[in-house]
Structures are given as C-alpha cells and as structure tokens.
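The structure appears below as structure tokens.
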Amino acid sequence: MAKKPEQGSLLVHFYLIDISYDDQTKEIRVFGTTREGEPITIIVKSFLPYFYAVAKPDFDLDELFENLCNVKAEHESQEIMAVDIKMKEKIYGNKTLSAFQIFVNNSADIALLNAIIKKLPGVEFTAEYDIPTIRRFLIDNDLTPFTLCKAIGIQQSRPELNSKIVISTEKISGENQDFIENPNIIGFDIETTSRGSFPDSKEDPVIMLSFYGSNNFKKVITWKKFSNPEKHIMFVDGEYQLLEEFNNTIKSLRPHILVGFNSSEFDLPFLRDRMKKYGIKLALNSDSSDVEVKRGSSRTFGTIHIDILQFIIRTMDLRTSQLTLNAVAKELIGKSKIDGFQNPRKITDVWEIGIDEELANLSRYNLQDSLLAYEIYKELLPTQLQLVKLLNLPLYDINKMNYGMLVEWFLIKNAYGANQIIPKRPNYAELMKRQAVTYTGGYVISPTPGLYSNICVFDFRSLYPSIIASHNISPETLNCECCKNLKKNNIEELGFWFCDKKQGFISNLIKELIERRGRIKDILNKTSKTDKSYPELKARQYALKTIANSTYGYMGFPNSKWYCLECAKAITALGRKYIQMTIKEFQKAGFKVLYADTDSVFIVLENKSKEEALRFLKIVNSVLRKPMELEYESFYPSGLFLEKKGEAGGAKKRYALLTENGELVLKGVEAIRGDWSKIAKDTQRRVLEILLKDKNVDAAAKYVNEVISNVKSRKVDISDMIIQVKLTKNLNEYSSKGPHVIAGEIYSSKGYNVGRGFVVNYIISEGKGKLADKVILAEGAKPKDYDIEYYINNQIMRAVFKIFEIFGYSQEKLSAGQTTLANY
DNA sequence: AGCTGTGGCAACGCTT
DNA sequence: AAGCGTTGCCAC
C-alpha cells in the first residue's frame, strides 16, 4: 500500500476528508481514507499559525522588527512570544506595504499578541488575526478536501486516533483534483416521545433511531419489540443500549459524512443530552475527543456532521414552501415522508400503546426520514464539493456558509495566492456609516397594461459579473492615478473611473470565473444527461455562477471585507446604461419595447419577425464589450401585463406569459405568492390560463362566477382558505398587528414556541371589526367558519379583478348575478 | 429560517 | 375616507 522512500519514513496517498486543530498538542490532524478505503490520520506539528503587522510608512523597519521580537504576553502565568517573524512585501489595496508575518506556537496566542502589537508605535495596523488555523492550513498548502493528497512521514502509535495508520509529517501536498469516488454517507434520524408540544430532552427518551446510507446500509434501533420485524430492525433492552448502539454503529462504519435534517438543532443536541444522563459521550469525532454540541453548530471531526437544512436555508430558493423535510424532499428528489406521524403526539401514542403494526409503521417512518436525508444530500454533495474545490475549505464549513461568506472565502483564498493582505472587517462605527447609505439599483420600465401577442425576450447573460469583468471594476482599480485623464472607463454620471491598464483583483477573478464557466457550459452542451460526468459538470458551472453572481452584492454589503460602494454604484449605473441603450437601439430599429427589468428586454414583434429580432440581436452584441452579451431568452406567443392598483399605468414585476409549449409563466402575481389563499391563487391562475390560451374573457368570467358561488355555498374545502405567512420578527417586536401577528399570538397562547421564522396558518372567520379580530387558526377550522365576503371580495376578486379591468369588464359585469359584491 | 444588493407591489393597521 | 407606515413576498 505504501512504499518506503527512505529508512523509517513512509510515502502515503490518501483522500483528505476532514481536518482539526488541537490547541493542547498544537497539532493539525488530517483525517483521511487511503485508496484502499482504510482510515488514516496524518499529524502535522510543524504548521505555525500567524498574522500580520503592517509597518507605518515612515517607521524604521529594523527598529520595528526589534520591537516585535520583544513583545511578550502573559497567559495563565506563561510567557507568550512570537516564535518567528518574517519581513514581507505585501499588497494591500493598490499599494505595496512592508509587513511582518508573526508566527506563533498556538492559534490562541494570536489574539494575545495581536492585542499588544496593534498598539505598538510603528505599527499601522494588524491583519489576518481572524483566520481559523484549519482554514489557514488548507489555503496556504492549496489542499482540497475530498481529493487525493500525499505525505511523507513517520508512522506513529496513537491508538486514540482510531486509525490503522497514523503518520506524522512536515508537509501534506495535493496529488490531483479528482474527488474520492464513493464517499461513505449515512443519513440518520431519531424519534422521541413528547409530553408537551415539543420533545424535551430532560424528560423524553429517544425511542428509536435509524441509519440509511451508502451500499444500501439500513438499520433501525428501538427498545420496544414488535412481531415480524424486517432484517434491518435491531431490538435493544432500553434507551441506554440504544444510545450505545448509535456509537457502535458510527465506530464500525466510520462514515465520511453523517447527514441529518435539522440535526444540529434537534437530533444531535438531543442525543448528547440523553447520553449525558447515562454518562456516555457521542463517539462522532475520529480522534476520540468530545464533540462540542451547540444549538446550531455541532462540529464533528473525521465523520463530518452535515445538517442539510443549514445549506438549504442559505442557498436554495425555497422561499414559498415551508422548509420541512417533506417539502424539501418533494422538491429535490420527488419523494415524501411516510404519512401518519406529522403530529408528535401520534408518535408518543404509538409508543405508549405499543401495537405491533403501528410500531412497525413507526420504524418505516423513521427509516424513510434517514433515507430522505441521505438522498437529498446525494443531490447537494456535487455542488458542495465544487465549492470545497473553489474555496479550499472543509465540507462542514461550506455546508454552513451563505452566499456572502462563500464570496468572502473565495476572495480570501485568492488573496493568499496574489500576495495580498486580507482587508479588515469594518469596526462598529464604520459599519453604521456603511449601513446608512444606499444606492440606485436596476432600471425597470412600467409596461402598458394589456394582452400582447408574439413577445420576444432578451436578457444580458450574467449582467453584473460581465460588467465587473469588462469594466475592470475592483476596489483597487478605482480612481487610479494612471488613468485620470483617460475617459475610457469613466462612469460619467458618477464622476469616477476604473483603471484601464492594470487588472483588478476582483475583476480578474470574475473574468476567470466567467471564462471557466463558459468552457464548462460548452462541454455540458455536448454531454448527454445520462453521461457519468454530467452531474459534476452541472455542479461546476453552478458553483462558478453562484460565486460570480454574488460578488456584486458582496461589494455593496456593509460588513464586507472588500466593501466598495463606488464599485457597487458603478456596476448598477453601467447596468442601467446598457439596458437603456439596448432599449433605445431596439426602438430605433423599429421594434416595440414593451417591458424591461434590470437585465431583460421584452419586445412585441407586431409586424416584424422573430428572425429580424435575432438579426438585430447580433448587431447589438457587436458593439458590446466582452464578455458582455445580450442573449435570446425565449419567445412567448402571448402575454398579459397587469395594471397597477389605484393608478392608470401598468404594474412592474407583475405579468403572465404563455410559452410555445402551452405552459404558463407567472411573475409577481398573487397566484405565485406564498401568502395568499389557495382558492384565490387557483382562480387567478385559471383565469390567466383561459385568457392567454383561449383569449375568451367571458369564459374566464363564467369560471370566476362558479368559484364564487361555491364559496358562497361553503362548498370549498377549508384547506383552500388557509393563509400562510412567515413571521419575520419575534411577537413583541411588531409595531403593527396585522392578521398574521394575531395568528402568531394565538399559536403562542396555545403553547407553541412562536418567534422569528415561525409559519402561521390562519383563516378569516365570520365576525365584526378588523380583519385581525377575525383570525382563527387553520387547524381545526370548518367550512362553516370562513368569512364568505372576505374570501370573495378580498381574496378572489382582488386577485382577478385587475385582470378583467384590462378587458373593459366592469365589476358589475364580472359579478353579474352576484349580489354581495357591492364593494366593487 | 438574519447579513450579497436594490426595486417594487399590495394589504392592512393606524393616525389624522 | 385618505394617507402613511409597516409588513411580507417577489423580480432581478
């Protein structure tokens, strides 16, 4: 398996899976898997954490060096000093500075020494004291988790590290960029009883837990027997044995990844609490150390704990649906949970009553949840691995990151390669200052309301990234001396410019991202969807797009390390300039421009052909700077642009289109909003469909009247009346108590833990006074409860009336035969 | 369930 | 009744 290059030392190849840093032993531990699938641990003791002190321009460097060498800090009666100091020329913004790289023994020493050094005379500022050692190590050594690495070192005897092979080395290097082929992934889920509305780890035991993972591994552990159990069911004597069995399973499988859904908030803290009761520990860390379980972050080492909910919350666009396991599973893998156990009371009842068939059902339900977690993560992993590769960070970190952090660490990684000092985060005063300013964004046309035929839509491909690349927009290229009199990159309306001679740091990175993505897309177009390489190629272009698209927002983000208000302003200003220019060019060529929003233009063909529009597109593109490009997006045989409420003009961001395949594309309208009742949404969707497909207003009106009479006669299912809203604040923070807030208060009074993020489901019931006074919770509501007038006038009619008005339908005409619609 | 950005619509409560 | 502020969700 390993060959001997010289006496006593071994050359080993391994897939680097995870990494930890031990403050006590000051060692970096790399957890890996050999090509044969054996666990291996590599110890690196030689890596020294460091930070930078930048010298004041006029200060004597020798003197400063001397001073830095003499800095001592005290910690627990120990003297702390730098172990090494190196002078370096570093780039900071558009300047080159003299900096001292200060190496320390232990990452905790950085904070102690930094506190003193930053105040030293001769020190302009200190930097990079906030980079975690693990990340520093991976970035500085250009190591990519989950790819093949190598090391030469001496074999050690460290039984506590649970690895057949333990090697101590000076250096680890990357061997190639291919990911490990079949990482061992296990999904898990626990079931508990619950006395109140939510399980409490003080009183409620874990009654069942399941694993589902790679190589068709299945296991359910429980401590109440039922007859005819399937092979994968394991009965144990009690909760203690169940918890031990959890640990045993992990130890014997040594999975690379343990996946749960909301497991950082629920499953792991719960398991930890229950284990504590029996005096046992979670055996998830490969080096036998204790797992630090905190609500919201349970970092494990070696076997990486992944809570898929964290990644989904941050990166997937699932705004309208609730982020339940069921909703996410349906959306991503098209599978569902097993029915019948939605209410946690049900699980408690089944457990306590203990009927065979019901317990067997619970075990299936439990296993299905582990399966869903596993299969969802199999979908997400290719994208996450690409981000791991782009950022050189552990998978655990990637899973927790939001878009802003992804961009930030992408820049940090590349700053290292470019010999840059990483800019500092703003202090509080600076942050407040930044938060107080806003700037103008995209340009939107107000359309003329109406039904249109033959609409051609064009949009700029990655408008903001391509502007950054083509105009060299970057914090260091702003207002450079060398291009002061050069008008080429001047942004006239703002009075500042960007360098035309030297590539900027961010603009260059974005340019590369765009080029790389272009190359991958070319390959992707020639690759069959069934090809083995397809998912990875898709993930690659998606990861590149994600970073490129988020960079503009990151530069305008107040807490950004690379904050550049002028850059953000310039990007949107140029965006407005280009879209306005495009609109004008189309108009000059005789095309009718119906609508535009930020990076898209809607053309009504009228007497022109699609081919003419496409020919004209080529002309527009020929004058654009690379890599900017206007693309043909789609053709729509018909489209409806809605009126703005209370005004004569058309509404922006609200329209309906019909594709050539007969599919309805809705934007902004009630039918696609999460906070409208199903009855109103469905009615509006159907009306739009009838109008766009059949262009028959009377038929649409007839349909509305049918729905209304069903509502009046209470024939409508109560679930169609539910209004669902997500609370964005805690209850006591609201100054205005709308219906959803009242609903939240009712939930709260019933014992629910209501706060920011809680989703309320309510119905407006018959009654007097404000709407808020008529709120009842959806659960348990009956058809006799709903307020007929409210659902007709405030839901259905409001969703469809603006549409009928376009066709000159008065509301009397629409509600002909309806007598209760006096308000219209 | 927040913090990559701005633009925009519409409903409702609250105040006048 | 009218206008404004608050709120949530959506387009890009």
Side-chain angles (χ1 to χ4, degrees), chain A residues 262 265 296 309-324 328 401-408 410 425 431 434-435 437-446 459-460 462-464 546-560 562-563 565 567-569 571-572 575-576 579 595-600 642-647 650-655 666-676 723-730 733-742 755-760 764 769-773 775 790 794-795 798-799 802:
Chain A
N262 197 28
E265 286 289 326
L309 187 56
Q310 294 183 321
F311 187 72
I312 286 161
I313 286 167
R314 288 173 174 81
T315 59
M316 307 292 293
D317 201 15
L318 293 163
R319 267 177 308 195
T320 46
S321 55
Q322 259 188 94
L323 296 179
T324 59
V328 174
M401 281 184 169
N402 56 30
Y403 288 117
M405 289 160 89
L406 290 174
V407 173
E408 186 156 287
F410 174 71
R425 214 176 280 298
L431 182 64
R434 290 180 183 181
Q435 273 172 353
V437 291
T438 52
Y439 57 92
T440 313
Y443 173 74
V444 191
I445 281 188
S446 177
D459 56 16
F460 280 95
S462 301
L463 178 66
Y464 289 169
T546 299
I547 303 287
N549 283 352
S550 312
T551 303
Y552 145 71
Y554 177 75
M555 286 197 273
F557 168 47
N559 204 20
S560 162
W562 274 271
Y563 179 77
L565 181 64
C567 296
K569 278 184 174 173
I571 294 161
T572 56
R576 293 192 298 275
I579 199 71
Y595 180 62
D597 186 348
T598 311
D599 60 355
S600 62
L642 301 188
E643 286 181 342
K644 189 171 169 175
K645 200 183 176 207
E647 280 174 47
K652 296 165 178 174
K653 301 181 191 280
R654 281 169 63 83
Y655 55 90
L666 303 182
K667 298 286 177 178
V669 297
E670 286 77 8
I672 55 161
R673 289 182 63 99
D675 55 351
W676 279 71
I723 297 166
Q724 188 182 78
V725 181
K726 189 185 285 187
L727 302 183
T728 60
K729 303 175 178 201
N730 293 320
E733 291 164 351
Y734 282 100
S735 62
S736 178
K737 290 195 172 187
H740 60 289
V741 182
I742 301 297
R756 182 196 287 172
F758 188 86
V759 177
V760 298
I764 299 299
K770 281 182 312 212
L771 226 45
D773 298 332
V775 169
Y790 170 80
N794 291 33
Q795 289 279 322
R798 281 196 194 177
K802 281 276 133 195

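Letters A, B, ... mirror the listed sequences (proteins, then strands); counts begin at 1.
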Q) How would you label the contact of A:Ser600 with the nucleic acid (heavy atoms, under 4.0 Å): base, sugar-phosphate, or nothing? A) nothing

Hey, is the side chain of [X] poking within less than 4.0 Å of OP1 or OP2 on [N], counting only N and O atoms?
X        : N      : answer
A:Asn402 : B:dT4  : yes
A:Asn794 : B:dC12 : yes
A:Tyr563 : B:dC3  : no
A:Arg654 : B:dA10 : yes
A:Tyr790 : B:dC12 : yes
A:Lys644 : B:dG8  : no
A:Lys667 : C:dC12 : yes

Specify the separation, in whole Å, of atom [atom1] of [X] and atom [atom2] of [N].
X        : N      : atom1 : atom2 : answer
A:Lys645 : B:dC12 : NZ    : C1'   : 11 Å
A:Tyr403 : B:dG5  : OH    : P     : 14 Å
A:Glu670 : B:dA10 : CD    : C1'   : 8 Å

Centroid-centroid distance, A:Tyr655 to A:Tyr595, less than 6.0 Å: yes

Among [options], which is the nearest nucleotide to the side chain of [X]?
X        : options               : result
A:Arg756 : B:dA11, C:dC12, B:dG2 : B:dG2
A:Val444 : B:dA11, B:dT6, B:dG7  : B:dG7
A:Arg798 : B:dG13, B:dA11, B:dG5 : B:dA11
A:Lys653 : B:dC12, B:dC3, B:dG7  : B:dG7

Short heteroatom pairs, N/O only, protein and nucleotides 4-6 of chain C, under 3.5 Å:
residue: C:dT6; atom: O3'; partner: A:Ser735; partner atom: OG; Å: 3.3

- Task: Considering only NZ, NE, NH1 and NH2 on the basic side and carboxylate oxygens on the acidic side, decide whether A:Glu670 and A:Arg673 come within less than 4.0 Å.
- Result: no

